[in-house]
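A note on names: the letters A, B, ... follow the listed sequences, proteins ahead of strands, and every chain is numbered from 1.
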Number of protein chains: 2
Amino acid sequence: MSKSDEREQRILDAAADLFIHYGYDKTTVDDIARKAGISKGAIYLYFKSKDELFKSLLIREMAAYSETWLALLEADPNGGTLGSMYKNSLYALEGSPFMSAMLRQDGRVLGSYLRKPDNFFRDTRNKAARYEFVKMMQDAGAVRRDMDPKVIAHIMNMLAYGLVGLGEVMDREDFPPTRDIIEGIAEIMDRALTPEDGGSSEAGKAVVRHILEAARRKLEDSTKSESDRE
Amino acid sequence: MSKSDEREQRILDAAADLFIHYGYDKTTVDDIARKAGISKGAIYLYFKSKDELFKSLLIREMAAYSETWLALLEADPNGGTLGSMYKNSLYALEGSPFMSAMLRQDGRVLGSYLRKPDNFFRDTRNKAARYEFVKMMQDAGAVRRDMDPKVIAHIMNMLAYGLVGLGEVMDREDFPPTRDIIEGIAEIMDRALTPEDGGSSEAGKAVVRHILEAARRKLEDSTKSESDRE
DNA sequence: AAATGACCAAAATAATTGATTTGGTCAAAT
DNA sequence: ATTTGACCAAATCAATTATTTTGGTCATTT
């Protein structure tokens, strides 16, 4: 990694901390510069604007999320079932404050960026992602066929949303440990959705690799079109 | 029902409509009176304040929710499984805009009432309700014992929250029909949580009756202590 | 060539003032 | 005994102005 790239990452690290802690609106470019140990002007050597910086951060965080997910999956001995895949995606989600904030469209963290018309989130490309995933898992024989994949995907979305959002409306104190929740969800999903014959774990893994590969390509694309534009 | 009670209900009907449509803050007492076909002063013959009116409405809606749930349950041929109970509670929830707004702490509908320090929601009494329910179902042999009831209850809370809240952050257009979602959830819960031996449907029903009976008593209590206070 | 930070226009925030609305009351009407 | 609606203090909203902050630039320094 070049010296310059390294510093770019340092900027993003500083920004991530501040955005999570104080939110987009209340974090100034100066704050970021100071925390990164450089001058404000230097920020603009790397990013066209605060907006673009933020978008870069989102992309980086999404990529990190994917990588974490993949790593957990590769390390998981039975990483081929729907339950364990979903479980690992939830662990990755839980470990990424930004992805969590994005999913619940947290106004405090995302700030005025949310209101921007060309905002990242209404990008329709990722919308059907979970559905495609379940569908492929089903076609690969890793998920039972007698349930509508759209419904399964939607329930998975509900649970992910519940995971990152319920803390906003209920006392976190009386939550069970996150680990227990995620394991419980995985257990339920596996029990309810694994085909009678146990399903093909290898086929499942293949699907995941395929999906993550596609996700990586997509992220590279957006990073590229990013730099094209500037 | 006395003439007076009937009118009290008419007021609450009018208020419910307006609160759901315009929210607590933007609905005036005059609006309510006009819609109920009486004068503003008359409102204060039945309710001490706008706040109290709102609280009465919440209590009424909670009661209606319980009644709906119970009715659906009684009518459900296999109303003894955890899945069908939960399912019916979700149907009841879905049919009650107020309960939905309460669950997702909807700022638009609940308005400044949310910020009140003595607000209804931080009343701790109802907090552990779902857990108690699952625990009893487990003790009655209607739910398998090898999962922590706290975790099960929490996952149920997540799903309920997802049901009423996901629409705020995702396009409702690409939601499957609510009915399908709820049936899907029930199917998953049943498959994953029914004991090997199929469980006792009758014992399950007994638990539900018991719970609903307790809920009714509790509501009567709060209604009474309500009228005591005024 | 790389990095800085004083500088500026634009935007956000705060303070002020004036006008309107609204929850709640109560003397008068029914 | 009920019910009303004019009435009022308090709160909310709107318009205006003054003040501060902030994103972004660029002449100057390193």
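In this structure, A:Asp30 pairs ionically with A:Arg34, as a charged nitrogen and a carboxylate oxygen lie closer than 4.0 Å. With salt bridges taken as basic N to acidic carboxylate O contacts below 4.0 Å, none links A:Asp13 and A:Arg10.
Along DNA chain D, read 5' to 3', the first and last nucleotides having any atom under 4.0 Å from a heavy atom of chain A are D:dT22 to D:dT25.
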- [ ] I would like to know whether A:Asp17 and A:Tyr22 meet side-chain hydrogen bond (donor to acceptor under 3.5 Å, both in side chains); could you show each step before the answer?
- [x] CA-CA 8 Å; A:Asp17 261 15; A:Tyr22 302 104; over 6 Å; no
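Closest of all the heavy-atom pairs between A:Ala15 and A:Leu53 is CB-CD2, 3.7 Å.
Rounded to an integer number of Å, the gap from CG of B:Leu18 to P of C:dT22 is 13 Å. If you measure from atom NZ of B:Lys50 to atom C1' of C:dT25, you get 17 Å, rounded to the nearest angstrom.
Remark: the backbone N or O of A:Ala92 is not paired with any side-chain donor or acceptor of A:Ser96 at under 3.5 angstrom. A donor-acceptor pair under 3.5 Å is absent between the side-chain atoms of A:Trp69 and the main chain of A:Ala64, judged by distance alone. At least one donor-acceptor pair closer than 3.5 Å links the side chain of A:Asp31 to the backbone N or O of A:Thr28.
Two residues, A:Leu45 and A:Lys26, neighbour DNA chain C, and the one matched to the more 5' nucleotide by heavy-atom proximity is A:Leu45.
For the segment residues 27-41 of chain B, residues with any heavy atom less than 4.0 angstrom from an atom of DNA chain C are, sorted by number, B:Thr27, B:Thr28, B:Val29, B:Lys40.
Annotation: salt bridge (charged side-chain N to carboxylate O under 4.0 Å, His left out) contacts involving residues 66-75 of chain A, sequence neighbours excluded, comprise A:Glu67-A:Arg216, A:Glu74-A:Arg209.
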